[in-house]
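Letters A, B, ... mirror the listed sequences (proteins, then strands); counts begin at 1.
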Amino acid sequence: MSETPQQERGRTAHEAEPVDADELESILGELVIGTDDHMNAPAFVIRPDDVQRALGRLRDQAGFDHLSCLTPQEYADRYESILHMTTYDDRRREVTLVVPLPKDDPVCQSAEPIFRTADWHEREAYDLVGIEYEGHPDLRRILLPESWQGHPLSLDYNQNKPQVVRYAKHANPLEPDQRGAESNTMLINIGPHHPATHGVLHLKTVLDGETVVDVDPDVGYLHRCEEQMCQQGTYRHQIIPYSNRWDYTANLPNEWAVARAIEDMADIEVPEYAQILRTMSTELGRMLGHFLALGTFALDVFGDFTAIFQYAFRDREVVQDILEDLTGQRMMFYYFRLGGVSWDLPEPRAEFFEKIRDFLDDLPTKLAEYDDLLTGNEIFQIRCVDTGILRPEVAKSYGCTGPVARGSGIDYDLRRDDPYGYYSELEWDVITEDGCDNYARVLVRMQEVEQSAKIVEQCVDLLEDWPEDDRTVQSNVPRTLKPPADAEIYRAVEIPKGELGIYIRSDGSNTPARFKIRSPCYHNLSALPEMSEGEYVADMIATLGSLDIVLGSVDR
Amino acid sequence: MSGASFVPVPLQQDDTVLLPERIADLTGLGGLGTAGELVAAFIAAFIVGNLMLAMTGVAGPWAKRKITAAFTDRIAVNRIGPFGLLIIVADAVRLLSKELIIPENVDRPAYDLAPIVVAGSAMLGFAVIPMGSGVHLADPEVGLAYVFAVSGIASIGLVMAGYSSSNKYSLIGGLRAVAQNIAYEIPLVVTGMSVVIFAGTLQLGEIVAVQAEPLISLGGFTIPQWYAFVNPFAFVLFMVANFAEIGRNPFDTPEAPTEIVAGYQTEYSSVYFVLIYLGEFLHIFLGGAIIATIFLGGPAGPGPAELGIVWFLVKIWAVFLLTQWLRSALPRVRIDQLIEIGWKGMLVLSFANLVLTALIVGMIAS
């Protein structure tokens, strides 16, 4: 298995360079003060006070309408704020803007006026690395508590120093009287513990009667320093298991994000057979996520434990059994290894295929049942149609991806637009709906389950006929993997929630120098205020459900 | 329509023997004059009250779980006792032995009284329901009006609970409850009035008696003149209004667990919570009892008249089953949609039904 078609495609995609670096340089013109070497895209170095101008030019003249990620990091001699840009039309067009900042005064111009999604990213950069953004509307900590001392991902941060904070600083945040003398509004804290927040999320909501006037999502309750833990783990074995803990409702797709970034960085090839196994298991994982999303969304709109919720779990259980047979685990699968997967299909293979086929045969009947109970129900429709409106422009500005973007008519799916794995060899469609509302997002998820089933079925067909002497599940990967020093890469895959991006910078050792996670849930949740302001509180809850956030992925 | 003759109905019909009288006769308390009758009435009330409480006891911790489980592909309680029935005992002990947490800033008398008002108002309604087999506490001339009146008191309890808890979720829940009750009480009563036009009386015993007469006979099989058959439209309207009135899906906005946690009952724990919960179940059963009485012939059914109470309970449980079915299957409407359905839909339909009924009955009578 010297050269697989997949790897060839990956290469050609790379070598063909869908973006013309010279053209971009001429668009940016005098703003460019240098170039950097990023493996995924041309990288231009710009001055801190040119950020908005550069972003504006790239967006308006070159069509870069997707600020995919913002990576802050600290070097020994400088800070860097890296903007990873791409387009919704062609995901393979990428460009990176690198903003070096002086060590003694890391202040950068905010990108928020150009892309709303920079709001939360810059707050996170300030929180974890300590970069300040000039012109940011509300630069405060986002993942850590307000009283935290220091910036944990900065180089001089002392991890062993206890966080001694005076008791007064821990004063009850609910204590102050929030009533305005003239106002008729009411501040209500939805969460951190509330039946509808699907985890620990705190929505500071201002209500006027039943109408939402303002909502401020307060995230970070589930922050587990995942980025830092990944920076401490070795590439070979210690990073992928963490990825299972991000979106824990659909774990396998996450593993692929890490695997893809490291494999592209260290130039590791994946045998074709392993690519099929990866594709099949990932699509089963996607179904896990979508079943849960459908069930919990029903919970938000129906109330209490209802038939549809239990049906979703019943069907999810079957998928879990299949994945348990394959990986030995029911939740934290860790099936992906660098250069392939951990092992081949379980023996006897025929029995395993039979199990998958049984599930796929039953699926249409089950989905018809979902249609009857959920999308065909008139009450469900009056609740979901035209609520939680997310216009495509707004979705793009907030960096929304996945079913949330596709529910707003944005035809964007990394499996097709930035091909990886075996997807481009298979017959399947990207589902989009033009409703822009809660209903459209549910419809997208329902149809994506069908598409996943289609992909799994084709994978099973391929695997069944695969020659027995060509079943390499893993290519040769050095035991101690040390990518070249100062290699930087940003790679993303499509998980059920959207685009999961990984930025890695190596320093020549066997652990990453910087590991940044671009979580789709983080972006999707940041659009909640825009979607729910002016709506009824009940619709805000439904909207939150339709965004399908997983707090493990939001807070990392 | 025999009932349509508007003859004045006597306060107490001679042929019906009410439960207090029967007890007075059986125990000899009747001989002791007014005091004896009072004691007999208390015993009768005690029996009826306990029957309803026992039913709620079965429904809350056990039947509800089993029914929901059947709808949602699960098994539910099955470990303690046959079919898990002893969970009722276990749950009673558990709920009553929990700490009663009373938040600091609650409005004390109102906070304490609300659960009693909620549970008590439902209990009062059962006093005039003819349950068959002689279980009938009182049969006043204004029976139907009385039932609506006392069950309406529950709204006050809900507002008290919502307002006095000094919790924002409770407040929203209380306000939703009262908005909903006002919007649906009117269609409920107006639809009930259409039955009164048919029967020509508010007295529940008489309404049941009228329904016993045959509507049509089909080859030896007689369909009785239940008002659900006579006027199915009114029956459906009444059922819908009733679901809103007792706050069940798709109209469970006052509790709306995923939106406002538990609405007006958010701050209640232990015994108070049990009382509110009990009140809710009693209201479901009272709603079922009213439906059974004015639309389904009360205790009427095949077999000897002594089986009346069995048929009556079957009808109540059928309504309960329906509420649980809806709960498992239907989404809830939003509060503004709920109010809109109430004022723009139900109210208009119920008045149309009333006017039509009056016209038809008037034409037949003339």
Side-chain angles (χ1 to χ4, degrees), chain A residues 174 178 185-191 193-198 205-207 209-212 295-315 317 366 369 372-375 377-384 387 438 535-542 544-545, chain B residues 64-65 67-76 104-105 166-177 179-180 240 243-244 247-263 266 280 323-341 345:
Chain A
L174 309 182
Q178 305 278 354
T185 58
M186 170 166 88
L187 176 89
I188 190 161
N189 289 293
I190 297 184
H193 300 291
H194 185 277
T197 53
H198 298 225
T205 315
V206 178
L207 292 183
E210 290 259 354
T211 313
V212 177
T296 50
F297 181 66
L299 207 60
D300 287 338
V301 180
F302 284 55
D304 273 345
F305 285 83
T306 56
I308 187 74
F309 177 78
Q310 291 293 339
Y311 287 0
F313 261 76
R314 178 195 65 192
D315 301 339
E317 197 64 24
K366 287 171 172 170
E369 206 169 30
D372 289 346
L373 271 168
L374 209 62
T375 47
N377 185 308
E378 283 84 355
I379 300 177
F380 185 81
Q381 288 174 3
I382 61 168
R383 278 300 309 279
C384 296
T387 62
N438 291 339
E535 297 212 323
Y536 287 95
V537 64
D539 286 338
M540 183 187 79
I541 300 295
L544 181 65
Chain B
K64 181 186 152 127
R65 285 176 180 167
I67 294 167
T68 314
F71 280 121
T72 57
D73 216 8
R74 291 180 295 124
I75 297 167
E104 213 172 37
N105 295 326
S166 87
N167 175 315
K168 290 165 183 171
Y169 290 117
S170 301
L171 182 63
I172 296 177
L175 293 179
R176 282 184 178 188
Q180 176 168 340
V240 173
F243 287 135
R248 294 293 113 183
N249 276 30
F251 307 116
D252 70 333
T253 39
E255 284 171 47
T258 45
E259 293 161 26
I260 50 171
V261 187
T266 306
E280 283 191 5
T323 63
Q324 297 307 308
W325 185 2
L326 294 177
R327 180 175 173 276
S328 296
L330 286 187
R332 91 167 69 82
V333 296
R334 209 170 51 211
I335 180 71
D336 63 309
Q337 294 166 342
L338 177 101
I339 301 297
E340 206 173 292
I341 296 169

Segment of A/Tyr536 engaging chain B (4.5 angstrom heavy-atom cut-off):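 Just its side chain gets close to chain B.
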Chain B contact via A/Asn377 - side chain, backbone, both or neither, heavy atoms under 4.5 Å: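 Side chain only.
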side-chain contact (heavy atoms from CB on, under 4.5 Å) involving B/Asn105 - partner list, sequence neighbours excluded: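 Counting only residues at least two positions away or on another chain, B/Asn105 forms a side-chain contact (heavy atoms from CB on, under 4.5 Å) with B/Ser166.
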B/Leu171: partners by side-chain contact (heavy atoms from CB on, under 4.5 Å), with sequence neighbours left out: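 By the side-chain contact (heavy atoms from CB on, under 4.5 Å) rule, B/Leu171 matches B/Tyr163, B/Leu175.
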Among the listed options B/Val333, B/Leu330, B/Thr68, B/Val261, the residue most often paired with chain A at heavy-atom distances under 4.5 Å: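 Greatest number of close heavy-atom pairs with chain A: B/Leu330.
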How long is the gap from [atom1] on [X] to [atom2] on [Y], to the nearest 0.5 Å?
X        : Y        : atom1 : atom2 : result
B/Lys168 : A/Ile190 : NZ    : CD1   : 11.0 Å
A/Ile188 : B/Ile172 : CD1   : CD1   : 4.0 Å
B/Asp73  : A/Asp315 : CG    : CG    : 9.0 Å
B/Arg176 : A/Glu210 : CZ    : CD    : 4.0 Å
A/Ile379 : B/Arg334 : CD1   : CZ    : 13.0 Å
A/Tyr311 : B/Thr72  : OH    : OG1   : 8.0 Å

Interchain contact, B/Ile335 with chain A, by part (heavy-atom threshold 4.5 Å):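 Contact with chain A: side chain only.
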When A/Met186, A/Gln310, A/Arg314, A/Met540 are compared by non-hydrogen pairs under 4.5 Å with chain B, the top option: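 Ranked by heavy-atom pairs under 4.5 Å with chain B, first place is A/Gln310.
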Residue among A/Leu373, A/Leu299, A/Asp539 with most heavy-atom pairs under 4.5 Å to chain B: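 So the answer, after comparing A/Leu373, A/Leu299, A/Asp539, is A/Asp539.
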Beyond-backbone contact of B/Tyr169 with A/His194, side-chain heavy atoms, under 4.5 angstrom: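 In contact.
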